[in-house]
Amino acid sequence: MELKFTPHPLIEAPTDEEIVLLGESDPSALQELHRVREGLIRASQEDPLRHGFDLEGWSRIRLALNAYNEVLALGGNRSGKTTGCAKLVMEAVTNNVEGHIVCFSQNADTSVKVQQAAVWEMMPKEFKKKTKSIEGYINFSMQNGFTGSSFIFPDTRTRVDFKTYTQFSNNQTILEGFEFGFKGDPDLNIGAWLDEYLGDAQLVNTLRFRLATRNSKMLLGFTPIDGFTPFVAEYQKNARTLETKPAELMGNREVPIVQYAPHRDAGVIYLHSDENPFGGYERIKKDLIGRPDEEIMVRAYGIPVKSITSLLPLFSTEVQVLGEEP
């Protein structure tokens, strides 16, 4: 029987020559190798929260959430930013008890199709069915998202609510009376996740007071297509670059992957498109050949630029200095 090894960017398959040699010398070992490898791939797809693969940038976000009050994750196209944020939210939901997390998206459509879908993908396998009990409620459909735009995870009695920026603009009292996050100061204490936030600082300022009681953290994800907006500038003010990485598409020029923004006690994390082996980087790379540096910085490395002709001065010695101390 011919064994077919499913292609996978992170789990290397044996070569044709290795398959022939092992099949001739030890067929049972070849079958066991196939069984284990296919099982790992299947488990990563069916239950990515427990058995999936962490991208390089996700660990940077996780470390920053432990160190700072806020984390701004700036991602290139297909960098895995939203998936990573959803996984961190579900880690907080499943590992901590009796919490409350609020997730914001641009509108109802993107909330269902992007943010809620990403969270559902990370839902533990055994809860990917309608779950109703005294302590929990989960009901999801691809068409409408979570029933009531919320769910309560039964094992930990943690509530997750999905809201939109338009809802807050229309009624800025929708957050009054709530405490977001978890009691007891756990390791991953996320209270709010804002995906692709383009507005002014009003919502963020309101959330800061809702997070203070439980000392919980705010996670903001953003693809800086619109460039160096006033909101992003607030985090870039006096930011210090702590860690860099060579950018292949810019002649291996060093670009930031971790910054500290003392103005907001925030970590600024950059997720690069080439760090996501599932995101079609080779296609992105081809599409960016010959494009201006400004576009490459935004599209591939998540770095906002001031304008179409002026790059953000990342390494001014007076503004941004390499170092290890926050």
Side-chain angles (χ1 to χ4, degrees), residues 6-13 37 40-68 70-95 103 114-125 187-188 190 193-196 217 219-225 241-250 252 254-259 266-285 287-288 296-304:
T6 303
H8 195 278
L10 294 178
I11 307 178
E12 187 176 356
R37 184 178 181 277
L40 288 173
I41 294 173
R42 186 167 54 253
S44 71
Q45 295 169 342
E46 294 177 349
D47 198 347
L49 180 68
R50 298 188 183 113
H51 305 296
F53 303 92
D54 272 10
L55 302 187
E56 187 177 340
W58 299 355
S59 62
R60 297 197 291 268
I61 298 176
R62 186 178 284 106
L63 289 172
L65 283 168
N66 287 331
Y68 311 120
E70 301 173 14
V71 175
L72 174 63
L74 297 170
N77 289 130
R78 305 299 300 163
S79 63
K81 169 180 55 61
T82 298
T83 302
C85 291
K87 184 170 187 177
L88 290 166
V89 166
M90 282 306 300
E91 283 183 6
V93 168
T94 56
N95 293 334
C103 303
V114 179
Q115 193 174 46
Q116 294 185 46
V119 170
W120 176 250
E121 181 184 354
M122 292 297 165
M123 185 69 67
K125 181 181 178 180
D187 289 338
L188 190 58
I190 298 175
W193 169 28
L194 279 63
D195 192 41
E196 300 296 352
K217 311 301 180 71
L219 176 59
L220 305 101
F222 184 55
T223 303
I225 300 302
T241 299
L242 305 181
E243 190 175 346
T244 64
K245 185 178 181 180
E248 177 193 15
L249 302 184
M250 300 186 67
N252 288 325
E254 292 288 330
V255 296
I257 56 174
V258 179
Q259 291 180 321
V268 182
I269 306 299
Y270 298 86
L271 285 76
H272 295 179
S273 298
D274 60 2
E275 293 177 333
N276 182 9
F278 305 95
Y281 171 69
E282 290 302 319
R283 173 65 179 270
I284 294 173
K285 180 179 177 180
D287 289 342
L288 289 175
I296 294 173
M297 291 181 78
V298 171
R299 296 286 184 181
Y301 303 109
I303 300 173

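Nothing here was measured: the structure is a model prediction, and the numbers come from that model. Starting from 1, each residue takes its place in the sequence as its number.
Separation of atoms CD1 (Ile257) and OG1 (Thr244) is listed at 7.0 Å; rounding is to 0.5 Å. Atom CG of Leu219 is separated from atom CD of Glu70 by 10.5 Å, given to the nearest 0.5 angstrom. Expressed to the nearest 0.5 Å, how far CG of Leu74 lies from CD1 of Ile303 amounts to 9.0 Å. For the atom pair CD1 (Ile11) and OG (Ser44), the distance works out to 6.0 Å, reported to the nearest 0.5 Å. For the atom pair CG (Asp274) and CD (Glu282), the distance works out to 9.5 Å, reported to the nearest 0.5 Å. The CG atom of Asn66 sits 6.0 Å away from atom NZ of Lys217, with the distance rounded to the nearest 0.5 Å.
Shown here are the side-chain contact (heavy atoms from CB on, under 4.5 Å) partners of Ala64, two or more places apart in sequence or in another chain: Tyr68, Val71, Ile269. Under the side-chain contact (heavy atoms from CB on, under 4.5 Å) criterion, Pro9 pairs with Pro277, Phe278, sequence neighbours left out. Scored by the side-chain hydrogen bond (donor to acceptor under 3.5 Å, both in side chains) test, Arg299 finds Asn77 as partners (sequence neighbours excluded). By the side-chain hydrogen bond (donor to acceptor under 3.5 Å, both in side chains) test, Arg42 is found to be paired with no residue, residues two or more places apart in sequence or in another chain being considered. Residues that satisfy the side-chain contact (heavy atoms from CB on, under 4.5 Å) test with Lys125, not counting sequence neighbours, are Glu46, Asp47. Partners of Glu91 according to the salt bridge (Lys or Arg N to Asp or Glu O under 4.0 Å) rule, which considers only residues two or more places apart in sequence or in another chain, are Arg62. In this structure, the side-chain hydrogen bond (donor to acceptor under 3.5 Å, both in side chains) partners of Asp287, at least two apart in sequence or on a different chain, are Arg283. Partners of Pro246 by side-chain contact (heavy atoms from CB on, under 4.5 Å), not counting sequence neighbours, listed by chain and number: Asn252, Glu254. In this view, Gln115 satisfies the side-chain hydrogen bond (donor to acceptor under 3.5 Å, both in side chains) rule with no residue, not counting sequence neighbours.
A donor-acceptor pair under 3.5 Å links the side-chain atoms of Arg60 to the main chain of Tyr270, judged by distance alone. At least one donor-acceptor pair under 3.5 Å links the side chain of Arg37 to the backbone N or O of Glu12.
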Show me, pair by pair, the donor-acceptor contacts under 3.5 angstrom made by side chains of residues 78-88, not counting sequence neighbours?
| from | atom 1 | to | atom 2 | distance (Å) |
| --- | --- | --- | --- | --- |
| Ser79 | OG | Gly76 | O | 2.9 |
| Lys81 | NZ | Glu196 | OE2 | 2.9 |
| Lys87 | NZ | Pro48 | O | 3.4 |
| Lys87 | NZ | Asp54 | OD1 | 2.7 |

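Across Leu288 and Ala300, no two heavy atoms sit closer than the pair CD1-CB, 3.8 Å. For the residue pair Leu271 and Ala73, the shortest heavy atom distance occurs at CD1-CB, 4.1 Å.
Using cut-offs of 30° and 60° on the angle between ring planes, the pair Tyr301 and His272 is perpendicular.
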Candidate pair Phe222 and Leu194, rule side-chain contact (heavy atoms from CB on, under 4.5 Å), full reasoning
CA-CA 9 Å; Phe222 184 55; Leu194 279 63; over 6 Å; no

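Side-chain polar atoms of Tyr281 and Glu275 form no donor-acceptor pair below 3.5 angstrom.
Put simply, the side chain of Cys103 does not reach to within 4.5 Å of the side chain of Gln116, judged on heavy atoms.
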